[in-house]
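Read through the structure below, which is laid out as structure tokens, and then see the notes.
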Amino acid sequence: MKAAPSYRDHVVGVETPIPLMNGRIAKAINFDNAATTPPFISVIQAIVNFSPWYSSIHRGTGCKSQFSSKLYEEAREEIAEFVRATGSSQTVIFVKNATEAINKLAYRLCDSQDHGVVLSSCMEHHSNDLPWREKYTVDYIDIDEQGRLSLRDLAAKLEQYQGRVKLVTVTGASNVTGYRNPIHQVAAMTHNYGAKILVDGAQLVPHTPFDMKPVSSPEHIDFLVFSAHKMYAPFGIGVLIGPKSAFEESCPDYKGGGTVDLVTHDFVRWAPPPQKEEAGTPNLMGVVALKESIRTLSSFGMDKIDRYETFLLYYALEKLRRIPDIELIGSHEHQNRVAIIPFNISGMPHGTTAAILSYEGGIAVRSGCFCAQPYVQRLLKIPPEEIHERIKDPHVPHPGLVRISFGLYNTREEIDTLAALLQHIVLHKKAYLDKYQAISPPIH
């Protein structure tokens with residue numbers, strides 16, 4: 001498969017020149033798309049075009065306010081269509097990002113009379129683990145030796161809790177290994193025990209077609225969250241999609257303007273969802289950005305994007321396999337993954353590798369634990385006593401990985417540049433270690 005210059009031409013900043021440590025100038029290469037993506041040119045233009053019409057939404061009678069309100073509500077419909085959230089029973093709630101969306105849902109589903117059980121997994125981002133801990137009994141679905149979700153363990157835990165599981169919450173695709181979970185199979189298993197499913201779609205929705213499926217289907221996804229900043233619209237908006245009924249009872253987590261229907265000094269009647277869940281003046285520009293991003297992605301075709309990024313993944317894995325001392329983490333296969341590759345160089349700290357790639361080649365990657373420390377500890381087979389040492393002494397260096405993550409605008413030529421520099425690092429490892437020994441790796 002050839003590179004896709006038509007994709008590349010739609011992204012801001014892909015040809016940006018940056019300085020290297022040796023004083024030379026190189027074209028920046030961004031392989032850190034799992035953290036955030038650059039904006040589409042169309043997204044920037046949409047914001048500029050909309051700016052003269054920007055106004056407050058819902059309550060204004062002016063022409064601009066009506067126009068802004070119409071765009072804001074139409075965006076919900078386009079987002080729902082993009083992930084096939086069909087039916088009038090569903091609602092699209094705007095939040096800052098996927099993290100806020102999960103926290104909001106954790107607050108909303110909590111019943112002080114019955115804490116219930118939430119099944120998370122051993123491969124989750126901290127944002128799909130920590131919000132559940134204070135409000136629920138949390139248990140974790142196990143993973144196999146390569147870090148993939150164990151459906152057998154999910155079945156065992158659903159059976160073990162005998163109807164007490166309120167929610168199964170799993171990532172659509174891991175931000176560490178890129179593994180895609182069989183979310184519809186998980187949904188069917190979950191519904192069979194009377195529980196609901198939440199999918200963290202932050203790493204999946206931007207890269208592949210997504211289908212929440214009809215509410216009547218056993219494979220229906222009850223709740224979905226994702227962030228615009230990972231899908232070429234980095235302007236501070238995220239989405240929580242779920243049944244309106246889940247948000248109709250009790251008061252919202254944030255209270256104030258826009259959340260109410262009637263207020264006296266001793267009475268409040270809350271507005272219906274989604275307005276009830278969107279306190280204050282909304283991030284209208286973020287919604288404009290996400291709306292345009294979805295239109296641009298749809299025009300490319302999500303299936304075509306998926307195929308191209310899978311090609312990049314396959315091409316990079318083939319290159320990395322041939323370099324001595326490159327330790328690929330997890331499966332070496334490219335099937336059932338989004339385009340993420342975790343690795344280390346034998347004998348070199350992960351933070352040092354990332355620094356060398358940046359300072360010597362202008363290549364941006366991520367190193368550390370990627371806000372998934374328990375998962376990375378399992379993948380690296382860190383013994384419990386070593387983890388306890390780090391708990392006792394926060395100054396002990398943390399283990400971690402180097403992560404490459406591709407976007408639709410990346411190319412084979414960029415991967416060739418990465419592979420050549422990694423080969424050079426391996427061949428001159430001692431010299432690079434001496435040069436970069438003061439670099440401290442990140443831990444998050």
Side-chain angles (χ1 to χ4, degrees), residues 30-38 97-103 120-132 140-141 143 146-149 169-181 199-207 225-227 229-231 234 238 309 313 316-317 320 326-331 337-345 348-358 363-382 386-387 390 394 397-407 410 418 439-444:
N30 182 36
F31 289 152
D32 193 20
N33 294 282
T36 197
T37 52
N97 45 47
T99 298
E100 184 183 40
I102 295 172
N103 275 273
S120 183
S121 87
C122 293
M123 65 191 301
E124 299 305 313
H125 190 284
H126 297 160
S127 295
N128 200 23
D129 174 5
L130 301 179
W132 307 106
Y140 299 95
I141 309 162
I143 53 176
Q146 294 183 327
R148 295 172 299 198
L149 192 73
T169 179
V170 295
T171 183
S174 166
N175 73 312
V176 178
T177 56
Y179 294 149
R180 302 187 194 192
N181 282 324
V199 171
D200 175 358
Q203 297 296 337
L204 189 62
V205 170
H207 302 287
V225 303
F226 58 92
S227 293
H229 75 94
K230 296 184 191 294
M231 51 196 301
E309 291 183 353
L313 175 64
L317 284 169
L320 295 181
I326 294 288
E327 301 172 342
L328 295 171
I329 307 302
S331 171
R337 293 171 66 175
V338 296
I340 292 174
I341 303 174
F343 74 97
N344 271 324
I345 295 178
M348 180 172 283
H350 54 92
T352 303
T353 301
I356 296 169
L357 291 174
S358 176
I363 301 171
V365 298
R366 177 94 19 163
S367 73
C369 293
F370 324 116
C371 296
Q373 290 187 30
Y375 189 34
V376 172
Q377 290 161 6
R378 283 284 298 273
L379 291 169
L380 293 176
K381 297 179 172 59
I382 306 298
E386 190 173 325
I387 296 172
R390 290 184 171 86
H398 284 244
L401 301 166
V402 181
R403 182 185 69 188
I404 305 164
S405 52
F406 301 123
N410 289 127
L418 169 71
I439 296 293
S440 297
I443 65 173
H444 299 296

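What you see below is based on every heavy atom in this structure, not just the backbone, and it leaves out hydrogens, waters and symmetry mates.
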Is the side chain of H126 donor-acceptor paired with the backbone N or O of Q373 at a distance under 3.5 Å, no angle test? yes
Side chain E124, main chain T171, donor-acceptor under 3.5 Å: yes
Quick check against the 3.5 Å criterion: does Q203 have a side-chain atom that pairs as donor or acceptor with the backbone of A34? yes
Sub-3.5 Å donor-acceptor pair from the side chain of Y375 to the main-chain atoms of G147, do we have one? yes
Side-chain donor/acceptor of R403 to backbone N/O of N175, under 3.5 Å: yes
Just by distance, do the side chain of T36 and the backbone of H229 share a donor-acceptor pair under 3.5 Å? yes
Rounded to the nearest 0.5 Å, what separation is found between the OG1 atom of T169 and the CG atom of N128? 3.0 Å
Atom CG in L317, atom CD1 in I341: separation rounded to 0.5 Å? 4.0 Å
May I ask you to decide if S405's main-chain N or O and N33's side chain share a donor-acceptor pair within less than 3.5 Å? yes
Can you tell me if R337 uses its side chain to pair, donor with acceptor, with the backbone of Y179 under 3.5 Å? no
Looking at N344 and G400, would you say the former's side chain and the latter's main chain have a donor-acceptor pair under 3.5 Å? yes
Does A35 offer a backbone N or O that forms a donor-acceptor pair with the side chain of K230 under 3.5 Å? yes
